[in-house]
Amino acid sequence: MSIGITAGLVAGLCSSPAYAQTQDAAGKTLDALEQVSDSAIQDGVHPLEANAVPANDSSSLFSVNETEIQLPTSLDEELTLTSSDGLEIGLTLPNDQSAVQGTALDNGMTAFDNGDGSTTIPAVKSDGSVQVSTVIEDASAPSEYEYKFSLPEGAKISAYEGGAHFVGLDGEILGGIAPAWAVDATGAKVPTHFEFAGSTVTQVVDHEGFEYPIVADPMWGKDLIKSVKWISRSGVVSLSVVPTGWNRFNVGFQPAISAGWKETLAKTPTKTLNKKKYNRAKANTTRMYWQYRCHQVAAFTKSSWNLEPSKIRNTYLDYVKNLCN
């Protein structure tokens, strides 16, 4: 949906004190995000990096890896993620009782002023995950930020290694949340953790005594695999699997390994290389699974996990001894 505004009205808005104040606040929010250093968040994802591009002309609807993500336009709306198989998960931002409209930032992101000394900025990443950054402006801001999830019937949130999994009735991993992080204006880490109650996740940020503004971040992911393709390297064919950041958080977690392998097979294309046909059947072997599992457990930092159908070894441990191939 597009909304038209006449040039006269735009000029009037831009010259008003309220508009100028809003734009000034938006500028400060963007400045706070820009000052976050990669080293400060370590294994996290920078709020301004790897952001996805909206679908069509919409500024709030995104389509990534066959998953649609709808960002809210006001705080009382739900952020929703819908996969190609119909699975839908929703999330409400802090202060969701307010109908405050979002303010567009210069980089295309939208900021929501919570009216309590904090601002929340949701962003869709290129791997289909969703990052929700909250800028804590001063000491008057609260130390707790509540996120309410709408999960499929029977699903639950299960804490795991500082983050959490969304677990379906059959035990399948439906997605989850990576561990919380928060940094102050100097790059110092701010103590933070999640608390879980039913389908509500609360990020607690102990920000007293730190340098403002502070950026706190929960990362929400569903897809474990960003892309899959057949490639040839020096004449050797391999299935190149690119994991998402959410997958890397789940190192060695068997339910995530199983779900990631299932997703890999579902996304495996058909391609002819070196005059031979490669498809899902070529990928769906025990030896290819062993290579995938080895990468997820022992070589997860690699940018892509290359699985070679021509590498024949007798056991999983043989692949481990040979650097996963």
Side-chain angles (χ1 to χ4, degrees), residues 38 42-45 49-50 52 63-67 83-85 87 125-129 160-161 163 165 170-176 178 219 221-325:
D38 290 324
Q42 291 186 333
D43 296 330
V45 178
E49 294 178 358
S63 182
V64 184
N65 296 338
E66 300 182 354
T67 296
S83 60
S84 57
D85 59 4
L87 175 69
K125 298 301 181 179
S126 60
D127 64 2
S129 59
Y160 175 76
E161 298 291 337
H165 290 127
D170 58 358
E172 183 178 1
I173 302 298
L174 306 178
M219 173 72 80
K222 176 189 175 294
D223 285 358
L224 294 163
I225 305 300
K226 181 178 180 180
S227 65
V228 182
K229 62 182 179 180
W230 291 104
I231 63 172
S232 179
R233 301 183 298 169
S234 302
V236 178
V237 173
S238 66
L239 186 66
S240 181
V241 180
V242 179
T244 63
W246 166 239
N247 196 338
R248 297 180 199 279
F249 162 64
N250 286 283
V251 172
F253 186 62
Q254 186 56 49
I257 295 173
S258 300
W261 179 239
K262 179 180 178 181
E263 189 177 332
T264 295
L265 294 177
K267 293 180 175 179
T268 297
T270 298
K271 187 173 183 177
T272 299
L273 290 170
N274 304 339
K275 298 182 179 181
K276 291 183 179 181
K277 185 178 180 180
Y278 292 86
N279 53 21
R280 189 177 303 172
K282 278 280 189 182
N284 191 16
T285 68
T286 299
R287 290 184 173 92
M288 290 287 277
Y289 167 71
W290 282 342
Q291 291 180 63
Y292 174 88
R293 179 185 171 194
C294 180
H295 279 86
Q296 207 273 2
V297 173
F300 57 91
T301 58
K302 290 183 178 180
S303 58
S304 62
W305 303 344
N306 293 301
L307 321 179
E308 301 175 359
S310 63
K311 288 293 175 67
I312 307 299
R313 306 198 187 279
N314 294 324
T315 68
Y316 169 68
L317 289 180
D318 288 337
Y319 284 104
V320 173
K321 293 174 185 177
N322 288 276
L323 304 179
C324 299
N325 290 123

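Atoms OH and OG1, from Y278 and T272 in turn, are 10.0 Å apart once rounded to the nearest 0.5 Å. For the atom pair K222 NZ and E263 CD, the distance stands at 6.5 Å (nearest 0.5 Å). Rounded to the nearest 0.5 Å, atoms CD1 (I225) and CG (L265) are 10.0 Å apart. Atom OG1 of residue T244 and atom CG of residue D223 lie 7.0 Å apart, to the nearest 0.5 angstrom. Once rounded to the nearest 0.5 Å, the distance linking CH2 of W290 with CG of L307 reads 14.0 Å.
Atom NZ of K267 has more than 12 heavy atoms from other residues, nucleotides or ligands within 6.0 Å.
For residues 294-305, there are no salt bridge (Lys or Arg N to Asp or Glu O under 4.0 Å) pairs, not counting sequence neighbours. A salt bridge (Lys or Arg N to Asp or Glu O under 4.0 Å) check over residues 271-299, counting only residues at least two apart or in different chains, returns nothing. The disulfide (SG to SG under 2.5 Å) contacts involving residues 227-325 comprise C294-C324, where partners must be two or more places apart or lie in separate chains.
Listed by chain and residue number, R233, K311 satisfy the salt bridge (Lys or Arg N to Asp or Glu O under 4.0 Å) test with E308 (two or more places apart in sequence, or in another chain). W261 is linked by a ring pair (Phe, Tyr, Trp, His ring centres under 6.0 Å) to Y289, Y292, counting only residues two or more places apart in sequence or in another chain. Partners of D170 according to the side-chain contact (heavy atoms from CB on, under 4.5 Å) rule, which considers only residues two or more places apart in sequence or in another chain, are E172.
Between T264 and W305, every side-chain heavy-atom pair lies at or beyond the 4.5 Å cut-off. Taking the side chain as every heavy atom from C-beta outward, P309 and T285 never approach each other to under 4.5 Å. Side-chain contact check for N306 versus S304: some heavy-atom pair is nearer than 4.5 Å. The shortest side-chain heavy-atom distance between V297 and I257 falls under the 4.5 Å cut-off. Counting heavy atoms from C-beta on, the side chains of Q291 and L239 never come closer than 4.5 Å. The shortest distance between side-chain heavy atoms of H165 and F253 falls below 4.5 Å.
When atom types are taken as modelled, the side chain of N247 and the backbone of L224 share a donor-acceptor pair closer than 3.5 angstrom. Remark: side-chain polar atoms of Y319 are paired, donor with acceptor, to backbone N or O of R313 under 3.5 angstrom. A donor-acceptor pair under 3.5 Å is formed between the side chain of Q296 and the backbone N or O of N250.
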Kindly indicate, with the supporting measurements, whether the criterion side chain to side chain contact (heavy atoms under 4.5 Å, CB included) is fulfilled by T286 and Y316. CA-CA 9 Å; T286 299; Y316 169 68; over 6 Å; no
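A side-chain donor from one of T315 and D318 sits under 3.5 Å from a side-chain acceptor of the other.
Under 4.0 Å is where a charged nitrogen must lie from a carboxylate oxygen, and between D127 and R248 no such pair does.
Shown here for L273 and S232, the closest heavy-atom pair between the two residues is CD1-N, 4.2 Å. Heavy-atom minimum distance, S240 versus I231: CB-CD1, 3.9 Å.
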